[in-house]
Chemist: 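Below are the structure tokens for one structure; questions will follow.
Computed from heavy atoms alone, side chains included, the values below leave out hydrogens, waters and symmetry copies. Within every chain, numbering begins at 1; the chains are lettered A, B, ... in the order of the sequence lines, protein sequences first and strands thereafter.
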Amino acid sequence: MSRKFTITTAIDYVNAKPHLGHAYEKITADAIARAHRALGRDVFFLIGNDEHGTKIEKSAAAAGVSPQEWVDRMAEVYQSTYEKLLISWDGFIRTTEERHHSGVREILARVRANGWIRRDKYTGWYCEGCEAFYTEKDLVDGKCPNHDTEPRWVEEENWFFRLSDFRDRLLAHIRENPGFIRPESRRNEVVAFLEGGLEDLSISRAGVKWGIPFPEDPNAVVYVWFDALTNYISGVGFGTDPAEFARRWPASVHVVGKDITRFHCVIWPAMLMAADIELPECVFGHGFIYQSGTKMSKSLGNIVNPLDVVDVTGADALRYFLIRELTYGKDGDFSWDAFIARYNAELANDLGNLVKRTTDMTARFLGGEISAGADTGKDRTGLRADAERVTATVIRAWEDFDLSGALESTWSLVRRANQVIQEKAPWELAKDDLRRAELTGVLDELLEAIRIVAELAAPAIPGKTDEIRARLGLAGGASAPWTESTVWRHRPGWRVAPGDPVFPRIDRKKEPEKSEPATEAVSKRAQKKAKRAAPAATGPAASIGIEQFRDVELRVATVLEAVPVEGADRLLQLTLDLGDEKRQVVSGIARHYAPEDLPGRQVIVVANLAPATIRGVESRGMILAAESGGRLALLAPGHEVAPGTRVS
RNA sequence: GGCGGUGUAGCUCAGUUGGUUAGAGCAGCGGAAUCAUAAUCCGCGUGUAGGGGGUUCGAGUCCCUGCACCGCUACCA
């Protein structure tokens with residue numbers, strides 16, 4: 001049995017339809033999966049849906065259906081979308097499936113048996129939109145920072161996972177396995193996070209219905225961690241099919257978004273350690289694809305359905321763009337301009353035209369056939385050496401998650417082939433019967449180079465490379481592993497089937513307006529550039545109107561009392577006399593002013609600043625100070641004035 | 001505030017362990033060719049390598065230090 005390669009993506013939360021971000025993750029993971037199949041590995045590519053939680057219940061209720069109906073319906077939507085995108089998944093796990101529940105029960109039982117689960121009381125602010133708890137300081141004006149809604153105070157008996165006990169083991173694992181977290185920048189962040197210490201994790205929720213019942217606790221369901229993350233093992237037989245699990249686990253790579261990389265590098269490995277299960281070899285945090293100025297977000301409803309893109313030029317074109325345009329692991333932009341530019345230049349002009357002109361010439365000059373007995377094999381073009389060099393480079397790139405580089409290198413062979421056509425000028429050779437052997441040989445080598453390009457590009461554009469193979473007269477789609485298929489060998493013969501362009505050019509002028517998404521919004525990068533180009537427009541140097549200044553209510557106040565904030569070495573809690581009222585303000589001046597020196601001093605306070613809670617203490621206002629050379633100076637009136645006096 | 005990262009041609013980016021005239025693609029300009037999707041091929045870049053300082057025979061590549069932006073994080077208000 002060949003070496004196994006198990007690759008997963010994050011499972012998708014199905015409270016909304018799939019968008020470009022989903023497509024990006026699946027497409028890149030699919031390309032990696034296909035590349036590893038071509039490398040001869042025993043690949044298992046797992047994707048799936050996350051189908052529990054209150055947000056699902058709400059989406060279902062809003063649609064007037066039961067949660068189960070809702071997730072069934074969404075599963076079809078996601079699967080048909082991914083079929084359209086040519087995603088070649090081997091396994092699709094849904095968290096409502098019995099096999100998943102079984103896996104969750106099994107891992108919980110193991111973790112519990114090992115003594116890593118305890119019962120305790122949980123309190124916190126719960127936002128239903130986020131399905132997450134917040135501490136006081138996370139809230140903005142008492143509201144959820146993501147949803148602008150008021151969370152509710154929750155106190156419940158809960159099950160806890162002793163996550164904090166795994167800190168050192170996790171750090172050691174990351175240190176000993178440099179490839180565990182990729183790209184490297186993500187690893188640094190996770191290490192920093194771990195060094196900051198961990199808290200135990202609440203893993204159950206009371207009062208939630210739509211979820212996996214928590215074993216031995218009829219009132220609670222399993223909270224997201226032990227539910228969703230467990231898909232990676234339940235999807236390959238954990239808890240149901242030990243033989244399959246032994247064959248597929250550990251995963252070679254979890255492909256996830258950079259926003260959830262940390263969970264996959266901390267909580268998930270700790271869960272596995274606690275259950276005595278092997279850890280995945282690698283967690284790869286990919287970047288985001290931006291468009292119209294905001295991160296694709298299911299919650300904000302700012303979505304662009306990838307199908308819109310697919311309908312313009314087909315799935316392969318979108319796949320090519322996403323894989324080629326973004327450096328894997330970094331963020332990038334989707335824009336129709338960039339998409340069309342790459343499509344026309346690299347797919348239509350470079351590759352598509354190469355296929356067309358070569359097959360057309362073979363048809364025109366040689367009747368479409370190069371027979372087995374033709375005078376080939378002389379290596380007249382040098383393409384053989386080019387192909388061998390490029391193949392080695394491309395394979396290395398696929399193995400190293402350098403998806404863009406793999407395509408870039410592949411295209412160097414495309415360019416080389418176009419150069420060869422120019423150099424050898426087959427149309428000239430065709431005029432001279434005495435040079436027919438040379439003509440045949442050149443076209444034979446060009447066709448062979450195209451065949452190899454199709455092999456190397458297949459992970460990215462599997463549909464179109466099948467078409468190209470058909471043009472070359474080759475049967476079937478997927479072919480042998482690269483170790484065989486990329487070997488330069490002269491075919492016994494060619495029988496080409498020229499046809500319409502494989503990648504018809506996109507006429508920019510005729511590019512329909514309808515396909516231009518939300519133009520009023522500016523991309524994040526464009527905003528950045530605009531900011532750079534015209535700093536006066538947004539920077540502090542810009543002049544403001546007097547009205548704007550008047551919006552800021554500055555008042556003189558007298559400090560009545562100052563005490564340190566418990567547990568904070570920079571904060572003082574001040575009680576201020578504002579004339580008609582007393583105000584409590586928290587200020588980060590403890591390093592510069594002793595509490596006992598402050599009472600009686602006058603300060604300037606921003607009186608209408610929105611209240612905030614800092615370190616558990618409410619602050620209603622801000623006092624002004626200037627910092628210079630590391631020293632802080634409180635602002636005060638030149639001589640004593642009545643407290644509450646407005647500053648203008 | 002702390003930690004990490006980025007800053008290279010109009011645009012997107014490569015640049016291995018410091019070493020010859022700093023590269024590629026796109027866009028632009030000029031030309032060739034005509035098999036091909038007005039496609040292709042050839043030629044054309046004096047780029048303050050964000051700024052300053054340093055180490056070295058020699059630095060985009062190492063060190064120090066401001067700056068700008070990004071990410072994570074924090075007891076910013």
Side-chain angles (χ1 to χ4, degrees), chain A residues 137 183-193 195-196 258-259 261-262 285 287-288 324-327 330-333 335 337-338 341-342 344-365 402 404-405 408-409 411-412 414-431 439 442-443 446 498 500-507 524-525 527-529 531-532 535 539 564-572 585-591 605-606 609-625 627 630:
Chain A
K137 67 180 181 196
E184 206 171 330
S185 52
R186 297 287 146 214
R187 187 175 72 212
N188 297 335
E189 289 175 10
V190 172
V191 168
F193 176 76
E195 283 171 346
K258 64 177 185 179
D259 55 334
T261 306
R262 188 205 292 168
F288 290 146
R324 178 66 184 85
E325 177 78 2
L326 278 70
T327 300
K330 292 185 180 177
D331 295 344
D333 285 315
S335 76
D337 254 9
R342 275 207 192 275
N344 278 344
E346 294 166 25
L347 292 176
N349 297 354
D350 289 345
L351 178 57
N353 189 232
L354 171 67
V355 172
K356 178 105 168 76
R357 67 200 300 213
T358 305
T359 52
D360 278 5
M361 282 190 286
T362 305
R364 182 162 155 186
F365 301 145
D402 181 9
S404 181
E408 188 181 13
S409 297
W411 254 248
S412 71
V414 173
R415 294 205 179 84
R416 185 66 207 126
N418 275 319
Q419 287 171 347
V420 164
I421 293 178
Q422 199 69 24
E423 287 163 13
K424 298 296 179 185
W427 52 92
E428 289 297 330
L429 300 176
K431 290 175 185 167
L439 171 66
V442 167
L443 287 174
L446 284 166
D500 292 337
V502 178
F503 296 101
R505 262 182 84 79
I506 299 170
D507 185 341
K524 215 176 185 181
R525 273 189 199 197
Q527 287 177 350
K528 217 165 71 188
K529 266 169 207 156
K531 207 170 165 186
R532 203 186 302 157
V565 174
E566 195 176 337
D569 57 16
R570 286 188 189 176
L571 296 183
L572 292 183
V585 168
V586 175
S587 185
I589 58 173
R591 291 254 174 97
V605 57
V606 181
L609 192 67
T613 302
I614 302 153
R615 207 57 190 172
V617 181
E618 188 181 36
S619 178
R620 294 170 52 233
M622 171 173 89
I623 63 173
L624 300 184
E627 188 182 336

Chemist: Can you confirm whether Leu439(A) sits close enough to Trp427(A) that some side-chain heavy atom of one is under 4.5 Å from a side-chain heavy atom of the other?
Modeler: no
Chemist: What's the NZ-P distance between Lys258(A) and G4(B), to the nearest Å?
Modeler: 19 Å
Chemist: Round to a whole Å and report the spacing from CZ of Phe193(A) to C1' of G4(B).
Modeler: 16 Å
Chemist: Does this structure show an ion pair linking Asp360(A) with Lys356(A), if we count only N-O contacts that are shorter than 4.0 Å?
Modeler: yes
Chemist: Could you tell me the separation between the CH2 atom of Trp427(A) and the C1' atom of A33(B), rounded to a whole number of Å?
Modeler: 7 Å
Chemist: Of the nucleotides G25(B), U34(B), C35(B), which has the atom closest to the Glu428(A) side chain?
Modeler: U34(B)
Chemist: Which value, in whole Å, describes the distance between the C1' atoms of nucleotides A27(B) and C64(B)?
Modeler: 39 Å
Chemist: Working to the nearest 0.5 Å, report the span between CE of Met361(A) and CG of Leu443(A).
Modeler: 5.5 Å
Chemist: Could you tell me how far apart Met361(A) (CE) and C35(B) (C1') are, to the nearest whole angstrom?
Modeler: 4 Å
Chemist: Using atom C1' in both nucleotides, what's the gap between U16(B) and U55(B) to the nearest angstrom?
Modeler: 22 Å
Chemist: Taking the P atom of each, how far is A22(B) from C44(B), in whole Å?
Modeler: 15 Å
Chemist: For U8(B) and A59(B), measure between their C1' atoms and round to the nearest Å.
Modeler: 14 Å
Chemist: Using the C1' atom in both, what is the distance from C67(B) to C26(B), to the nearest Å?
Modeler: 30 Å
Chemist: Given the P atoms of G4(B) and C63(B), what is the spacing between them in whole Å?
Modeler: 12 Å
Chemist: Can you give me the closest heavy-atom contact between Val420(A) and Leu446(A), atom names plus distance?
Modeler: CG1-CD2, 4.0 Å
Chemist: So, is G43(B) syn or anti if syn means the angle is within 90° of 0?
Modeler: anti
Chemist: Do the non-hydrogen side-chain atoms of Lys258(A) and Arg186(A) ever get within less than 4.5 Å of each other?
Modeler: yes
Chemist: Rounded to whole Å, please give me the gap between CG in Asp259(A) and P in U73(B).
Modeler: 11 Å
Chemist: Measuring only between side-chain heavy atoms, which start at C-beta, is Leu354(A) closer than 4.5 Å to Ile421(A)?
Modeler: yes
Chemist: Atom CD of Glu184(A) to atom P of C3(B): distance rounded to whole Å?
Modeler: 18 Å
Chemist: So which one's nearest nucleotide on RNA chain B is more toward 5', Ala192(A) or Arg262(A)?
Modeler: Ala192(A)
Chemist: Dot-bracket for RNA chain B, 5' to 3', counting Watson-Crick or G-U wobble pairs under 3.5 Å, with [ ] for crossing pairs and | for inter-strand pairs?
Modeler: (((((((..((((.....[...)))).(((((.......)))))......((((..]....)))).)))))))....
Chemist: Using atom CH2 of Trp411(A) as one end and atom P of G25(B) as the other, report the distance to the nearest whole Å.
Modeler: 16 Å
Chemist: Please give the distance between the P atoms of A49(B) and G43(B) as a whole number of Å.
Modeler: 27 Å
Chemist: At their closest point, which heavy atom of Arg262(A) faces which heavy atom of Val190(A), and how far apart are they?
Modeler: CA-CG2, 4.4 Å
Chemist: Please state how far atom CZ in Arg186(A) lies from atom C1' in U6(B), giving the value in whole angstrom units.
Modeler: 13 Å
Chemist: Any N/O pairs under 3.5 Å between the protein and nucleotides 14-16 of chain B? List them or say none.
Modeler:
unit_1, atom_1, unit_2, atom_2, d
A14(B), OP1, Lys330(A), NZ, 3.2

Chemist: How far does the P atom of C13(B) sit from the matching atom of G53(B), given to the nearest Å?
Modeler: 29 Å
Chemist: Taking the side chain as C-beta and beyond, is there a heavy-atom pair between Asp333(A) and Glu325(A) under 4.5 Å?
Modeler: no
Chemist: So how far is it from Leu347(A) CG to Asn353(A) CG, rounded to the nearest 0.5 Å?
Modeler: 12.5 Å
Chemist: Quick one, give me the B/S/- string for nucleotides 36-44 of chain B, reading 5' to 3', where B means a protein heavy atom under 4.0 Å from the base and S means that only happens at the primed atoms, P, OP1 or OP2.
Modeler: BB-SBSS--
Chemist: Do Arg357(A) and Asn418(A) come close enough that some side-chain heavy atom pair is under 4.5 Å?
Modeler: yes
Chemist: Given side chains that start at C-beta, do those of Val355(A) and Phe503(A) come closer than 4.5 Å, heavy atoms only?
Modeler: no
